[in-house]
Amino acid sequence: MNKEDLWQAVLAQIQFNVSQANFSTWFKNTEISKKDGGKIVVSVSNSFVKEWLENKYNKLLMKTFHSIDSGIKEVEYIVGKTEIKKEKRKETPQVMPVKSESQLDFQGLQINKETGLNPKYTFDSFIIGPFNELPHAAALAVVKNPGLVYNPLFIYGGVGLGKTHLLQSVGNEIVKNFSDKKVKYISSEKFTSEVITAIREQGVKKNSIETFKEKYRSVDVLIIDDVQFLSGKEKTQEEFFHIFNILYENNKQIIISSDRPPKSIMYLAERLRSRFEGGMTADISMPDIETRIAILKAKAQEKEVSFSEEIYQYIAESIKTNIRELEGALNRIIIFQKIDNKDITLEIAQKLLKTLINSPQKILTPKKIIQSVADFFDLKEREILAPSRKKEVVKPRQIAMYLLREELKSSFPFIGRKFNGKDHTTALHSYKKISLEIQKNKKLEEEIILIKERILSS
Ligand code: ADP
Ligand code: MG
């Protein structure tokens, strides 16, 4: 077995032994970078994951390796570079005509620094059905006449339903058709952090805010994704409002996405809300079963694999509300087929997808946040909630408080009460502390991103 296949076989087993959230947090973007006799070197994306695999999963990994190849005696973890990965891949002949997941991820790294666009998102690969016909048509109209038809174009819809794909496709298509137009795609989280950086640097470099503004004023097409994250960020909203106006007055195209319509975004300045509503608003709803099947078939074809009708049918009937999850399910059976090299039956597919499909509806609750944080730090929920001052508990507790505020906009008194009737000032203090620290501490930032991913996938 070559090292790619060995790793896929190990992952397939691990997947049955750990929760879906843990699996995606700790095992995605990993690979075996070296197999040297009885020693395996696993490369991971950052030192944080390395630490966790070493401390928490080493035993499970050893056992799994051993069950597949009893000659394996030692596993080492290193933080690897993706570039190296790519070169190495070329040397090894492709065994199967499918791309591995990490190769697929690799496309994600081709993001153009200037425009923020990822070439993998195109109209060609965007499947249209009754659920997204309108936003798709509006997007095409904008591509033909940027700045002149629907301005702003505001697209909203639930998680994983294709907003980013559509926005990026518009950007890519405009770049292709109008070489003179400057396109800029940015997530509102990144935009927010640019505003914060500009403000912070203002003291040192006199004109950092001006430079920031200038950068955005000079674009012809501004695409801003997930604008709901601007909620409550007053200063960022203010900067965005000014940029919006300048672009708008100069007939520059603005395209916005959000997970909800403008009127439902909380803590959004009224003047910004009315700007958002001033152009074309189109929503992406849920894809019907025929479209879901069509999407699965198209993705399978893209990856040069195919499955029986009943499998497509089964996946499409089981996953109704999220195209990303549809893809995830498909990828999982693709990987399995790759290892097993046999046709996947409906029974196997059902077994493989059990953990994905039986997951409950995703409603974010305080409990879910607290549980995810506890789980992440390997603590019990009650340990986080109890008034202990132990260092191992204090930080996770502060993070939980921070996330309750950030993700649910819970009030400080509410947060305080959740944590054993603590005073609201404790909650406020925790929130401020983490908010500040996250800006300076890369590791903390990383941790919080991973916890958020977990919360979303729990
Ligand atoms: P959102 O931004 O709404 O959360 P994404 O645009 O990231 O969703 O889409 C999630 C995944 O589903 C992406 O891999 C995307 O390519 C795929 N996808 C979404 N909508 C479609 C579609 N209509 N046709 C094909 N793939 C789609
Ligand atoms: Mg998105």
Side-chain angles (χ1 to χ4, degrees), residues 24 28-29 99 101-111 116-140 143 153-173 185-192 223-231 255-261 264-265 281-303 312 315-316 318-332 334 356 362 364 407 449 452-453 455-457:
S24 69
K28 95 180 165 205
N29 300 330
K99 293 173 185 161
E101 277 223 300
S102 32
Q103 271 176 314
L104 292 177
D105 280 351
F106 195 80
Q107 295 186 331
L109 298 173
Q110 298 175 343
I111 295 168
L117 293 171
N118 183 336
K120 83 168 182 180
Y121 292 116
T122 61
F123 279 106
D124 285 344
S125 60
F126 193 76
I127 311 280
I128 309 148
F131 75 111
N132 62 8
E133 229 168 356
L134 179 64
H136 176 261
L140 282 184
V143 165
L153 172 60
F154 188 102
I155 289 172
Y156 69 91
V159 178
L161 289 176
K163 300 182 295 295
T164 299
H165 191 140
L166 189 57
L167 261 55
Q168 286 261 346
S169 304
V170 172
N172 280 320
E173 196 64 23
Y185 166 95
I186 189 159
S187 69
S188 30
E189 281 160 309
K190 186 131 183 275
F191 184 82
T192 302
I223 305 174
I224 175 148
D225 206 352
D226 285 323
V227 87
Q228 75 274 7
F229 291 124
L230 295 188
S231 167
I255 308 166
I256 300 165
S257 88
S258 163
D259 67 351
R260 63 201 82 183
S264 311
I265 304 177
T281 309
D283 77 309
I284 303 186
S285 56
M286 302 290 178
D288 52 82
I289 179 99
E290 290 83 6
T291 317
R292 299 200 295 278
I293 293 178
I295 290 172
L296 286 169
K297 288 186 174 169
K299 304 262 171 194
Q301 196 177 14
E302 235 171 68
K303 292 169 195 170
Y312 294 125
I315 305 177
S318 313
I319 300 175
K320 300 193 172 83
T321 60
N322 187 325
I323 296 172
R324 186 177 297 120
E325 284 178 4
L326 269 185
E327 267 189 302
L330 187 70
N331 281 338
R332 196 180 270 200
I334 290 177
L356 283 187
K362 296 193 167 148
L364 195 51
E407 300 296 301
I449 291 171
K452 280 193 193 164
E453 275 178 15
I455 293 171
L456 290 177
S457 64

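The residues of the chain are indexed from 1 along the displayed sequence. Counting starts at 1 for both ligands and their atoms, following the listed order. Heavy atoms only: backbone and side chains are in, while hydrogens, waters and symmetry mates are out.
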Top protein contact for atom 19 (C) of ligand 1, by heavy-atom distance: Gly162 CA, 3.3 Å
Ligand 1 contacted by His136 (non-hydrogen, < 4.0 Å): no
Any Gly158 heavy atom less than 4.0 Å to ligand 1: yes
Closest approach of any protein heavy atom to atom 15 (C) of ligand 1, naming residue and atom: His165 ND1, 3.3 Å
Residue from Asn331, Ile293, Leu296 passing side-chain contact (heavy atoms from CB on, under 4.5 Å) with Leu326: Leu296
Main-chain N/O of Asp226 paired to Ser188 side chain as donor or acceptor, under 3.5 Å: yes
Asp225 and Thr164 side chains, donor-acceptor separation under 3.5 Å: yes
Flag if over 12 foreign heavy atoms under 6.0 Å of NZ, Lys299: yes
Closest heavy-atom pair and its distance - Leu117, Gly171: CD1-C, 3.5 Å
Protein contact to atom 18 (N) of ligand 1 [nearest heavy atom, distance to 0.1 Å]: Ile323 CG2, 3.3 Å
Partner of Leu153 under side-chain contact (heavy atoms from CB on, under 4.5 Å), chosen from Leu167, Ile255, Leu166: Ile255
Region of Pro287 engaging ligand 1 - heavy atom pairs below 4.0 Å: neither
Test item: Arg260 side-chain N/O and Gln228 main-chain N/O as donor-acceptor pair under 3.5 Å: no
Minimum-distance protein heavy atom relative to atom 4 (O) of ligand 1: Gly160 N, 2.7 Å
Non-hydrogen atom of Gly157 closer than 4.0 Å to ligand 1: no
Pick from Gln168, Lys299, Arg292: the one approaching atom 26 (N) of ligand 1 most closely through a non-hydrogen atom: Lys299
Protein residue, atom and distance nearest to atom 14 (O) of ligand 1, heavy-atom basis: Glu327 OE1, 2.5 Å
Nearest-neighbour protein heavy atom for atom 7 (O) of ligand 1, which is reported as residue plus atom name and distance: Arg324 NH2, 2.8 Å
Residue and atom name of the nearest protein heavy atom (relative to atom 24 (N) of ligand 1), distance in Å to one decimal: Ile127 N, 2.8 Å
Contact flag Ser187/the Mg ion (ligand 2), N/O/S atoms, threshold under 2.8 Å: no
Mutual orientation of the aromatic rings belonging to His136 and Phe126 [parallel < 30°, tilted 30-60°, perpendicular > 60°]: parallel
Protein residue, atom and distance nearest to atom 25 (C) of ligand 1, heavy-atom basis: Ser125 O, 3.2 Å
Check: Asn172/Ser169 side-chain N/O donor and acceptor closer than 3.5 Å: no
Close N or O approach (Phe126, ligand 1; < 3.5 Å): no
Phe131 versus Leu161, closest heavy-atom pair with distance: CE1-O, 4.3 Å
Asn132, portion touching ligand 1 at heavy-atom distance under 4.0 Å: side chain
